[in-house]
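Shown next, in structure tokens, is the structure this report addresses.
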Amino acid sequence: MPELPEVEGVVRQLRPVAEQKTITHVQLSETIYTSKEAGKECIVKVLAPHDFERMMTGMTITDVSRRAKYIYMTLTKDGRTYLLASHLGMSGAWFDVASIEDIPDAKYQKHAHAIFTLNNGRLLVFSDIRRFGELRLLQEAADYPPLLLMAPEPFDDDACAYFIEKTTLKKYANKPIKAVIMDGHIISGCGNIYATEALYLERIRPQTITHTLSDAQKRALFAQIVRILHESIEVGGSTISDYRNVNGEAGGMQHRLKMYGKKQCACGTATESLVIGGRTSVYCPNCQQ
DNA sequence: CGCTGTGACCGGGCGC
DNA sequence: TGCGCCCGGTCACAG
């Protein structure tokens, strides 16, 4: 499940293959067509499949960037600017290939849902096994209000202050800290993997009620999250549940995880798990107090 | 009005 | 072998 570091990796790989290219053809999957006909918002949001194909055709990709776990592609066509906001959901992936058969995993070949042909003949393919991902064509971010409500990028100067301020609101103060740091309105891009790791490294139990933490603890936790997100970006992200980068390669971060998915802590103690905010949360009852 | 809880979207993988 | 359940990022909406 791609979190911020994995999405950042995808963006860095997409840039050289997508920027300054023009989309000459778009083909959405039969699944999208039939699902949309049934009234569901399958991957392509708001627009009817044919309208999405028509509007995307002729677009020039001028910029690829990341905002939280969203991939933003800035597009231009006929002198107008657009934004394609794509989210990988649980199992989405982008591939840069010469043909569909070159997608390195059969499951991703089977679930190729949007095929963009570029003016150099290459294909940009959005695949998604569980269809929780999305492709949202907008004129600007403001056209989809949830994008404006996301917390600052964790690497921004004001992100820690924003986090501290939010944690003092009664809406968040009485929640478990893990639910708070995984909330994209508080911190951008920190999902279950990195929340679990940061709490372990700071020796804080995930169920700790937020207001019981001191500001110093909150600052240290935030700094730990930033550090571990950086570390993961450097080593290519975590390969968990089929996540692969644009070249189909695995990342290296999964080998460095100390608590996520562990049955036993490095100290020898069996880990415990509980559900917080609907997500499985693992911690060491010995190391985390 | 604000917050909380629940539903909706899915198929791979695993347990029985 | 086969069936059924669990998992999860995010938003929408009911209460």
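Chain identifiers are assigned alphabetically (A, B, ...) following the order of the sequence lines, protein sequences preceding nucleic acid strands; residue numbering begins at 1 within each chain.
- In this structure, A:Pro146 and A:Asn192 both approach DNA chain C, and ranking their closest nucleotides by distance from the 5' end singles out A:Asn192.
- Using a 4.0 Å cutoff on non-hydrogen atoms, the parts of residues 130-138 of chain A near DNA chain B are A:Arg130, A:Arg131, A:Phe132, ordered by number.
- Among the nucleotides C:dC11, B:dC3, B:dG13, the one closest to any side-chain atom of A:Tyr144 is C:dC11.
- For the pair A:Lys45 NZ and B:dA8 P, the computed distance is 15 Å after rounding to whole Å.
- A sub-4.0 Å separation between OP1 or OP2 of B:dG12 and a side-chain N or O of A:His111 is present.
- Listed nucleotides C:dC11, B:dT4, B:dC10 differ in distance to A:Tyr70; the shortest reach to its side chain belongs to C:dC11.
- Scanning all heavy atoms of the two residues, the minimum distance from A:Thr24 to A:Thr57 falls at O-CG2, 3.6 Å.
- Contact annotation for A:Ser35: backbone-only contact, meaning every heavy-atom pair under 4.0 Å involves sugar-phosphate atoms and none involves a base.
- Between A:Ile129 atom CD1 and B:dG13 atom C1' the separation is 12 Å, expressed in whole Å.
- Between A:Lys110 and the phosphate of B:dG11, there is no side-chain N or O to OP1/OP2 separation shorter than 4.0 Å.
- A close approach under 4.0 Å does not occur between any side-chain nitrogen or oxygen of A:Thr280 and OP1 or OP2 of C:dC6.
- Comparing atom distances between the A:His185 side chain and each of C:dC11, C:dG8, B:dC10 picks out C:dC11 as nearest.
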Candidate pair A:Arg256 and A:Glu231, rule salt bridge (Lys or Arg N to Asp or Glu O under 4.0 Å), full reasoning: CA-CA 10 Å; A:Arg256 301 184 179 214; A:Glu231 178 187 355; 3.1 Å; yes

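- Taking each heavy atom of A:Ile187 and A:Ala151 in turn, the nearest pair found is N-CB, 3.7 Å.
- Proximity of A:Arg279 to the phosphate of C:dG9: a side-chain N or O atom is located under 4.0 Å from OP1 or OP2.
- Not less than 6.0 angstrom separates the ring centroid of A:Tyr108 from the ring centroid of A:Trp94.
- Taken to the nearest 0.5 Å, the SG atom of A:Cys190 stands 4.5 Å off from the CD1 atom of A:Ile225.
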Verdict with reasoning, A:Glu3 to A:Lys69, per salt bridge (Lys or Arg N to Asp or Glu O under 4.0 Å): CA-CA 6 Å; A:Glu3 300 182 23; A:Lys69 299 176 191 171; 5.5 Å; no

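- Rounded to an integer number of Å, the gap from CE of A:Met90 to P of B:dA8 is 19 Å.
- One interatomic measurement links the two molecules: CG of A:Leu88 to C1' of B:dC9, which rounds to 16 Å at whole-angstrom precision.
- Between the CD1 atom of A:Ile193 and the C1' atom of C:dC7 there is a distance of 13 Å, given to the nearest Å.
- We find that NZ of A:Lys171 is positioned 13 Å from P of B:dG5, with the value rounded to whole Å.
- Going from atom CG of A:Asn174 over to atom C1' of B:dG2 covers 14 Å, rounded to whole Å.
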Check against side chain to side chain donor-acceptor pair (under 3.5 Å), A:Thr167 and A:Lys218: CA-CA 9 Å; A:Thr167 59; A:Lys218 290 177 186 172; 3.1 Å; yes

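- The list of salt bridge (Lys or Arg N to Asp or Glu O under 4.0 Å) pairs with a residue in residues 46-55 of chain A, not counting sequence neighbours, reads A:Asp51-A:Arg54.
- Listed candidates were C:dG8, C:dT10, B:dC10. Nearest to the side chain of A:Lys69 is C:dT10.
- Residue A:Gly191 is classed as having no contact, given no heavy-atom separation below 4.0 Å to the nucleic acid.
- Between the P atom of B:dC9 and the NE2 atom of A:His113 lies a distance of 15 Å, rounded to the nearest Å.
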